[in-house]
Amino acid sequence: MNPFPPLDLVARPTVPTDQAAHYLLRKPQTLRGWACKEDGPIRPIRINGRLGWPVAEIRRLLGGGAAQ
């Protein structure tokens, strides 16, 4: 069973690294590398020492456009 809801149903502005990696079909460590090197296709928002990946940017990257 998939622990994450479909991206279309996500209403939060950001998702944690594991969830973002699931949607982007990457390993979480890849996204952490993007955040550290600041060289990935999207950049996370740092929230109290944690990474929050913008859902609108994930949708844009996947070709689904930004949430309205």
Side-chain angles (χ1 to χ4, degrees):
M1 175 111 194
N2 185 357
F4 303 117
L7 186 57
D8 294 344
L9 299 179
V10 176
R12 300 182 326 178
T14 62
V15 292
T17 301
D18 290 346
Q19 192 170 351
H22 169 78
Y23 296 133
L24 295 171
L25 302 176
R26 299 287 183 264
K27 292 185 178 186
Q29 193 60 32
T30 299
L31 275 68
R32 291 184 192 103
W34 291 350
C36 183
K37 295 178 184 176
E38 296 185 351
D39 66 350
I42 59 176
R43 294 213 177 137
I45 298 168
R46 286 175 170 76
I47 305 167
N48 293 329
R50 297 188 181 266
L51 300 174
W53 297 86
V55 173
E57 289 296 310
I58 295 171
R59 288 182 178 138
R60 180 190 57 78
L61 187 63
L62 295 175
Q68 297 288 326

Gap separating the CG atom of L25 from the CG atom of L62, nearest 0.5 angstrom: 7.5 Å
A21: partners by side chain to side chain contact (heavy atoms under 4.5 Å, CB included), with sequence neighbours left out: P28, L31
Flag side-chain contact, heavy atom, 4.5 Å: T30 against L24: no
Set of side chain to side chain contact (heavy atoms under 4.5 Å, CB included) partners for N2, sequence neighbours left out: F4, H22
Test side chain to side chain donor-acceptor pair (under 3.5 Å) applied to T17 - qualifying residues, sequence neighbours left out: W53
Side-chain heavy atoms of W34 within contact of L51, under 4.5 Å: no
Side-chain cluster (under 4.5 Å, hydrophobic types only) that I47 belongs to, other residues: I45
Nearest non-hydrogen partners of V55 and V10, listed with the distance: CG2-CG1, 3.8 Å
Those residues that, when tested against R32, pass salt bridge (Lys or Arg N to Asp or Glu O under 4.0 Å) (two or more places apart): D18
Partner set under side chain to side chain contact (heavy atoms under 4.5 Å, CB included) for N48, not counting sequence neighbours: none
Side-chain touch P5/Q19, heavy atoms, less than 4.5 angstrom: yes
Least distance between heavy atoms, R43 atom then P54 atom: O-CD, 3.5 Å
